[in-house]
Amino acid sequence: MENTEISVSDTLQQDEVIKLYRDNGWSAAEKPQQLLAALLGSHTVVTARRQGKLIGLGNAISDGHLVVYYPHLLVSPEYQGQGVGKQLMQAMQQRYQGFHQQMLTADGDATGFYESLGFSRAGKTEPMWIYDGNDH
């Protein structure tokens, strides 16, 4: 199995980010400038690379003290099921260890994945949004 390099200080190129989002069918790929600006404006961006190729990324939005929200976690389809997503989330969870609240929205089949990392349904809460996409 190839070595996966996980980094929280990587430099992202717009074309590789857009490819990763398109390969996963995420509508954010249709707004490339905003997507890259959003990622660069995140509290943390964690990347996964193999032989220099971007194969996954995740980001965190946080107040830096109590609360962190993980909006995106993507792994290139050809590398899914190989532990890359787990490595990305573990890197972020390590950075935000001890925070009062770590939140995310799990979509469909991802629920079991996040449960395996210690996440659980947030009480009686319901996810709510105003969303300008069609991929969920």
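Position 1 is the first residue of the sequence, and the numbers go up from there. The analysis underlying the following values was restricted to heavy atoms, covering all of them including side chains, and did not include hydrogens, waters or symmetry mates.
Tyr114 and Ser120 share no side-chain donor-acceptor pair at under 3.5 Å. If you check the side chains of Asn24 and Gln80, you find a donor sitting under 3.5 Å from an acceptor. Using modelled atom types and a 3.5 Å distance limit, the side chains of Gln90 and Arg95 yield no donor-acceptor pair.
Here the side chains of Leu66 and Phe99 are not in contact, with every heavy-atom distance at 4.5 Å or above. In this structure the side chain of Ile18 reaches within 4.5 angstrom of the side chain of Leu35, judged on heavy atoms. Leu57 is listed as a side-chain neighbour of Tyr21, based on a closest heavy-atom distance under 4.5 Å. Put simply, the side chain of Phe119 does not reach to within 4.5 Å of the side chain of Met103, judged on heavy atoms. Under the 4.5 Å side-chain criterion, counting only non-hydrogen atoms from C-beta, Gln87 is in contact with Thr4. Considering only heavy atoms from C-beta on, Thr47 stays 4.5 Å or farther from Ile6 through its side chain. Residues Tyr70 and Thr105 fail the side-chain proximity criterion, which asks for heavy atoms closer than 4.5 Å. Taking the side chain as every heavy atom from C-beta outward, Pro71 and Tyr69 approach each other to under 4.5 Å.
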Would Leu40 and Val45 count as a side chain to side chain contact (heavy atoms under 4.5 Å, CB included) here? Give the steps. CA-CA 8 Å; Leu40 296 176; Val45 174; over 6 Å; no
For Gln102 and Gln97: C-alpha separation, side-chain torsions, deciding distance, then whether side chain to side chain contact (heavy atoms under 4.5 Å, CB included) applies. CA-CA 9 Å; Gln102 296 184 45; Gln97 185 176 6; 5.7 Å; no
Would Ile61 and Val68 count as a side chain to side chain contact (heavy atoms under 4.5 Å, CB included) here? Give the steps. CA-CA 6 Å; Ile61 299 170; Val68 60; over 6 Å; no
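For the pair Ser42 (side chain) and Ala38 (backbone), a donor-acceptor distance under 3.5 Å is present. No donor-acceptor distance shorter than 3.5 angstrom exists from the side chain of Ser76 to the backbone of Tyr79, with no hydrogens or angles considered. Judged by distance alone, with hydrogens and angles left aside, the side-chain atoms of Gln34 form no donor-acceptor pair with the main-chain N or O of Glu30 at under 3.5 Å. The backbone N or O of His43 sits nowhere less than 3.5 Å from a side-chain atom of Asn59 that would complete a donor-acceptor pair.
The distance from atom CG of Leu54 to atom CG of Asp23, rounded to the nearest 0.5 Å, is 10.0 Å. Thr111 contributes atom OG1, which lies 10.0 Å from atom CZ of Arg121 (distance to the nearest 0.5 angstrom).
A single hydrophobic cluster is not seen to contain both Met89 and Leu74; linkage of ILVMFWY side chains at heavy-atom distances under 4.5 Å, directly or through other members, places them apart. Both Val84 and Leu73 sit in one connected hydrophobic cluster of ILVMFWY residues. Membership requires side-chain heavy atoms under 4.5 Å apart, directly or through other members.
Across Leu117 and Gln93, no two heavy atoms sit closer than the pair O-NE2, 3.5 Å. Shortest non-hydrogen contact noted between Ala91 and Val46 is CB-CG2, 3.8 Å. Residues Ile55 and Arg50 share a closest heavy-atom pair of CD1-CG, 3.6 Å. Pairing each heavy atom of Glu16 with each of Thr11, the nearest pair is OE2-O, 3.8 Å.
Of the charged side-chain nitrogens involved, at least one lies within less than 4.0 Å of a carboxylate oxygen, so that Glu78 and Lys53 count as a salt-bridged pair.
For Glu5, the salt bridge (Lys or Arg N to Asp or Glu O under 4.0 Å) test picks out no residue, with sequence neighbours left out.
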